[in-house]
Amino acid sequence: MFDYNFHWRPVFKSLPDLLEASLTTLQVASLAMIIGIAIGLCLAVGRMKGSGLWDWLSTIWVELARNTPALFQLFFFGFGLGALGIHFSPFMIVLAGLSFNTAGYLAENFRGGFQAIPDTQLKAARSLGMNLWQSYTRILIPQVF
């Protein structure tokens, strides 16, 4: 019924370029995940505070990241900022777009993780003499992960 032969020669001829592109893809995906985790933790803590400018900015970031398509976000970092005179390399455009998107989604995951931990964990860490930074980095964040 289907009389089609796939031509493998152009694929094998382009294999070095495809392998180089796959390494670039792994680089940008890894960096976007690392940056997204760092920003997502900050956004989650900001959203849990409940008031102030940081909560407002965190909420806007999360809602924009989660309610707009990733392609739109990439276009914004490429063309939207370019129209304002801010130009990035294609690598930085993809990195910024994917980091923005990842941070928005991970912020909600982290916020849910933080809210699942009983308040007594933080109170116990504070009663042992840990400051707030130590309590988060040694007690709460490892449990969230």
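Scope of the values below: all heavy atoms of this structure, side chains included, with no hydrogens, waters or symmetry mates.
Counting heavy atoms from C-beta outward, F145 and I37 have side chains that approach closer than 4.5 Å. Considering only heavy atoms from C-beta on, R47 stays 4.5 Å or farther from W54 through its side chain. A 4.5 Å side-chain heavy-atom check between N131 and Q134 finds at least one atom pair inside the cut-off. Residues L122 and L132 have side chains in contact (heavy-atom distance under 4.5 Å, counting atoms from C-beta outward). Taking 4.5 Å as the limit, every side-chain heavy atom of F77 sits out of range of all side-chain heavy atoms of I86.
Looking at every heavy atom in both residues, A32 comes nearest to S99 through CA-OG, 3.4 Å. Between I93 and L74, the closest heavy-atom pair is CG2-O, 3.7 Å. When all heavy atoms of G104 and A65 are compared, the pair lying nearest together is CA-CB, 3.6 Å. In plain terms, the two heavy atoms of A44 and A107 that are nearest each other are CB-O, 3.4 Å. Pairing each heavy atom of W61 with each of A103, the nearest pair is NE1-CB, 3.9 Å. Annotation for N101 and A70: closest pair ND2-CB, 3.9 Å, computed over non-hydrogen atoms.
Linking ILVMFWY side-chain heavy atoms closer than 4.5 Å, directly or via other members, places F110 and I117 in a single hydrophobic cluster. A single hydrophobic cluster is not seen to contain both I34 and I141; linkage of ILVMFWY side chains at heavy-atom distances under 4.5 Å, directly or through other members, places them apart. V144 and V62 fall into different hydrophobic clusters, where Ile, Leu, Val, Met, Phe, Trp and Tyr residues are linked whenever their side-chain heavy atoms come under 4.5 Å apart, directly or through other members. Put simply, L43 and L53 are part of the same group of oily side chains (I, L, V, M, F, W, Y) that touch within less than 4.5 Å, one to the next. Criterion: ILVMFWY side-chain heavy atoms under 4.5 Å apart, direct or through other members. Under it, F91 and L71 are not part of a common hydrophobic cluster.
From S30, atom OG reaches atom CG of L98 across 11.5 Å, with rounding to the nearest 0.5 Å. Here the CG-CE distance, from L31 to M92, works out to 9.0 Å after rounding to the nearest 0.5 Å. Atom CE in M130 sits 4.0 Å away from atom CD1 in I139 (nearest 0.5 Å). The distance from atom CG of L18 to atom NZ of K13, rounded to the nearest 0.5 Å, is 13.0 Å. Summarising the geometry, atom OH belonging to Y105 is positioned 10.5 Å from atom CG belonging to N109; distances are rounded to the nearest 0.5 Å. To the nearest 0.5 Å, atoms CZ (R111) and CE (M48) are separated by 9.0 Å.
Relative orientation of the F75 and F79 rings is tilted, given thresholds of 30° and 60° on the angle between their planes.
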*Could you please spell out the steps behind the side chain to side chain contact (heavy atoms under 4.5 Å, CB included) verdict for M33 and L106?*
CA-CA 10 Å; M33 185 59 72; L106 287 180; 4.1 Å; yes
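A centroid separation of 6.0 Å or more is found between the aromatic rings of F76 and F100. Taking the six-membered ring for Trp and the full ring otherwise, the centers of F114 and Y136 sit less than 6.0 Å from each other.
Counting non-hydrogen atoms of neighbouring residues, nucleotides and ligands closer than 6.0 angstrom, the CZ atom of F72 reaches no more than 12 such neighbours. Around CG of D17, the count of heavy atoms belonging to other residues, nucleotides or ligands within 6.0 Å exceeds 12.
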